[in-house]
Participant: 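Just dropping this structure here.
Because the structure is a prediction, the values reported are computed rather than measured. Throughout, a chain's letter reflects where its sequence line sits, starting with A, and its residues are numbered from 1.
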Amino acid sequence: MKVTTWNINGVKARIDSALTYLRQELPDVICLQEIKSVDEGFPAGPFEELGYNVAVHGQKGFNGVAILSKLAFDDVASRLPGDETDEQARYIEATLSVPSGAVKIASLYLPNGNPIGTEKFSYKLAWIKRLQEHARDLLKEEMPFILAGDYNVIPLPEDAKQPKAWTDDALFQPESRAAFRQIVNEGLTDAVRLCHPEPGLYTFWDYQAGAFQKDNGIRIDHLLLSPQAADRLVAAGVDSFTRAWEKPSDHVPVWVDLDI
DNA sequence: ATGGCGCGTCAAACGCGA
């Protein structure tokens, strides 16, 4: 089963690219972030024509996440527990039936957190903490699950072409990195890093300053696997070729292949 | 060395991202 995550930076601006990608790469599940659309505005039709079921948690103008799945949804939840007052659409998770049982897949869009020293940064840290607590609850179920999405965290210096340039950025703060690490420390596996220990693997290149041409990228889109999912990990990768497409998202698709 | 973009909301700049 191939599961992909992609921050598409606007589903309406990226609909043709998304459909081309799905026809070409045939993921069983794709988690989308930054759809920048309300639920009713999401162009479900073209995706359904490709055989995908669609689950959307949208918001006007900003944020917004979705899961497209060739397997039917048994259950969908679109809130990250821990803060009933949080109105930002950044999380959706679905339970799918697979031959070996059930698998849970989350599409998450972790807050950017810039600038540091503001309530935006504390919101980011609180959000990661909520995700950690949720991961802990999910782990108790001892089932395969994947927390996939745009984490807006550069875990290590080798996850950036120019780590020094990110020193004052929320994506590379010691607190951000430690909070991400604490989720991994709960017992989750960073699938892409496990399959690709070499440096120089990036998932985002800024639109400005010819960042892609210089390969001035960062790795901030991740798939964290539960132990039961990691047991079945076959391969993982980054489809950086989409960044060279016409009218690209600034993020590229990242995927895992699981033997389930 | 420096500065360089793009999307959505609206209908001109602006908020936001990373």
Side-chain angles (χ1 to χ4, degrees), chain A residues 5-19 21 31-43 56-66 86-91 107-128 131 148-177 179-180 192 200-222 238 240 242-254:
Chain A
T5 179
W6 192 9
N7 178 324
I8 52 170
N9 188 19
V11 67
K12 295 182 190 79
R14 219 68 61 208
I15 182 71
D16 290 341
S17 296
L19 294 171
Y21 179 81
C31 300
L32 302 175
Q33 299 89 36
E34 271 205 280
I35 60 170
K36 296 185 177 178
S37 166
V38 293
D39 293 4
E40 312 80 65
F42 190 91
V56 183
H57 181 41
Q59 180 181 341
K60 187 175 181 178
F62 306 105
N63 307 322
V65 288
D86 187 359
E87 296 300 328
Q88 300 190 31
R90 297 180 174 275
Y91 189 88
S107 177
L108 65 97
Y109 177 43
L110 211 145
N112 170 300
N114 278 305
I116 58 174
T118 68
E119 68 288 344
K120 291 192 173 185
F121 188 60
S122 44
Y123 174 64
K124 174 178 193 153
L125 295 180
W127 206 96
I128 308 184
L131 184 62
D150 176 359
Y151 280 74
N152 269 317
V153 174
I154 303 167
L156 292 168
E158 52 262 44
D159 293 312
K161 179 66 170 282
Q162 297 187 52
K164 285 196 177 74
W166 298 91
T167 304
D168 297 323
D169 196 286
L171 279 62
F172 197 51
Q173 287 311 291
E175 297 98 319
S176 307
R177 295 170 57 195
F180 176 80
V192 167
L201 201 59
Y202 310 126
T203 66
F204 168 92
W205 296 261
D206 200 284
Y207 286 121
Q208 301 184 68
F212 185 60
Q213 287 71 22
K214 298 174 192 166
D215 196 26
N216 182 14
I218 51 178
R219 191 175 75 94
I220 56 174
D221 300 272
H222 310 294
V238 180
S240 48
T242 66
R243 190 62 179 77
W245 285 1
E246 197 95 355
K247 220 159 92 72
S249 169
D250 40 9
H251 297 250
V252 298
V254 184

Participant: dC16(B) P sits how many Å from Phe121(A) CZ, rounded?
Facilitator: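 Phe121(A) atom CZ is separated from dC16(B) atom P by 18 Å.
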Participant: Between dG6(B) and dT2(B), how far is it from one P atom to the other, in whole Å?
Facilitator: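 That atom pair is separated by 22 Å.
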Participant: Both Gly210(A) and Asn152(A) contact DNA chain B. Taking the nearest nucleotide for each, which residue is further toward the 5' end?
Facilitator: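 Nearest-nucleotide comparison on DNA chain B picks Gly210(A).
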Participant: With sugar-phosphate meaning primed atoms plus P, OP1 and OP2, does Phe172(A) contact a base, only sugar-phosphate, or nothing at under 4.0 Å between heavy atoms?
Facilitator: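 Nothing, no nucleic acid heavy atom in range.
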Participant: Taking the side chain as every heavy atom from C-beta outward, state whether Asp215(A) and Lys161(A) have any pair of such atoms under 4.5 Å apart.
Facilitator: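 Yes - at least one pair of side-chain heavy atoms lies under 4.5 Å apart.
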Participant: Pick base, sugar-phosphate or nothing for Asn7(A), based on heavy-atom distances below 4.0 Å to the nucleic acid.
Facilitator: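 Counting heavy atoms under 4.0 Å across all strands, the contact made by Asn7(A) is with sugar-phosphate only.
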Participant: At under 4.0 Å between heavy atoms, what does Asp250(A) touch on the DNA or RNA strands: base, sugar-phosphate, or nothing?
Facilitator: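 No contact.
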Participant: Which heavy atom in Glu87(A) sits nearest to a heavy atom in Gln59(A), and how many Å separate them?
Facilitator: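 Smallest interatomic distance, heavy atoms only, reads O-OE1, 4.1 Å.
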Participant: Might you work through the side chain to side chain donor-acceptor pair (under 3.5 Å) test for Lys12(A) and Ser37(A), ending with a clear yes or no?
Facilitator: CA-CA 8 Å; Lys12(A) 295 182 190 79; Ser37(A) 166; 3.1 Å; yes
Participant: Any protein N or O atoms within reach of nucleotides 5-9 of chain B? Criterion: under 3.5 Å, listing atom names and distances.
Facilitator:
residue, atom, partner, partner atom, Å
dC7(B), OP1, Arg14(A), NH1, 3.3

Participant: Does anything in residues 115-125 of chain A form a side-chain hydrogen bond (donor to acceptor under 3.5 Å, both in side chains)? List the pairs, not counting sequence neighbours.
Facilitator: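 Of all non-adjacent pairs touching residues 115-125 of chain A, those that pass side-chain hydrogen bond (donor to acceptor under 3.5 Å, both in side chains) are Asp86(A)-Tyr123(A).
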Participant: Counting only side-chain N and O atoms of Asn112(A), is one of them less than 4.0 Å from OP1 or OP2 of dA18(B)?
Facilitator: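 Yes, Asn112(A) has a side-chain N/O under 4.0 Å of OP1/OP2 on dA18(B).
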Participant: Which is true for Lys120(A) with a 4.0 Å heavy-atom rule: it touches a base, it touches only sugar-phosphate, or it touches nothing?
Facilitator: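 Here Lys120(A) touches the backbone only, sparing every base.
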Participant: May I have the distance from Leu110(A) (atom CG) to dG17(B) (atom P), rounded to whole angstrom?
Facilitator: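 Atom-to-atom, Leu110(A) to dG17(B), this comes out as 12 Å.
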Participant: Rounded off to whole Å, could you give me the CG-to-P distance for the Asn63(A) and dA18(B) pair?
Facilitator: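 Going from CG in Asn63(A) over to P in dA18(B) covers 9 Å.
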Participant: Give me the distance, rounded to whole Å, that separates dC5(B) from dA18(B) when you measure between the C1' atoms they each carry.
Facilitator: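 Per the computed distance, 12 Å lies between those C1' atoms.
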Participant: Would you measure the distance from the P atom in dC7(B) across to the matching atom in dG3(B) and give it in whole Å?
Facilitator: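 Rounded to whole Å, the distance is 24 Å.
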Participant: Please measure how far the P atom in dG15(B) lies from the corresponding atom in dA11(B), and state the result in whole Å.
Facilitator: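 The answer is 15 Å between these two P atoms.
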Participant: Can a side chain N or O of His251(A) be found less than 4.0 Å away from OP1 or OP2 on dA18(B)?
Facilitator: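 Yes, such a contact exists.
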Participant: Rounded to whole angstrom units, what separation is found between the CZ atom of Arg90(A) and the C1' atom of dA18(B)?
Facilitator: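 Answer to the nearest Å: 12 Å.
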Participant: Asn216(A) has an atom CG; how far is it from atom C1' of dG4(B), in whole Å?
Facilitator: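 In whole Å, dG4(B) C1' and Asn216(A) CG are 13 Å from each other.
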Participant: Just to verify, which of Phe204(A), Tyr207(A), Trp205(A), Tyr202(A) counts as forming a ring pair (Phe, Tyr, Trp, His ring centres under 6.0 Å) with Phe212(A)?
Facilitator: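 Among Phe204(A), Tyr207(A), Trp205(A), Tyr202(A), the one that satisfies the ring pair (Phe, Tyr, Trp, His ring centres under 6.0 Å) with Phe212(A) is Trp205(A).
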Participant: When you measure from the side chain of Lys36(A) to the backbone of Val11(A), do you find a donor-acceptor pair of N or O atoms at a distance under 3.5 Å?
Facilitator: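 Absent.
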Participant: Using a heavy-atom cut-off of under 4.0 Å over every strand shown, decide if Asp168(A) touches base, sugar-phosphate, or nothing.
Facilitator: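 Answer is nothing: Asp168(A) stays at 4.0 Å or more from every strand.
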Participant: In chain order, what residues pass the side-chain hydrogen bond (donor to acceptor under 3.5 Å, both in side chains) check against Trp127(A), with sequence neighbours excluded?
Facilitator: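 For Trp127(A), no residue satisfies side-chain hydrogen bond (donor to acceptor under 3.5 Å, both in side chains) once neighbours in sequence are set aside.
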Participant: In whole Å, I'd like the distance from the CZ atom of Phe212(A) to the P atom of dA18(B).
Facilitator: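 The distance from CZ of Phe212(A) to P of dA18(B) comes to 18 Å, rounded to the nearest Å.
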Participant: Between dC16(B) atom P and Asp150(A) atom CG, what is the distance in whole Å?
Facilitator: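 After rounding, the reported distance stands at 17 Å.
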Participant: Rounding to a whole Å, what distance do you find between Gln33(A):CD and dG17(B):C1'?
Facilitator: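 Atom CD in Gln33(A) sits about 14 Å away from atom C1' in dG17(B).
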Participant: Contact between Pro155(A) and Arg219(A) at the side-chain level, heavy atoms closer than 4.5 Å - yes or no?
Facilitator: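 A side-chain contact exists here, since the closest heavy-atom pair is under 4.5 Å.
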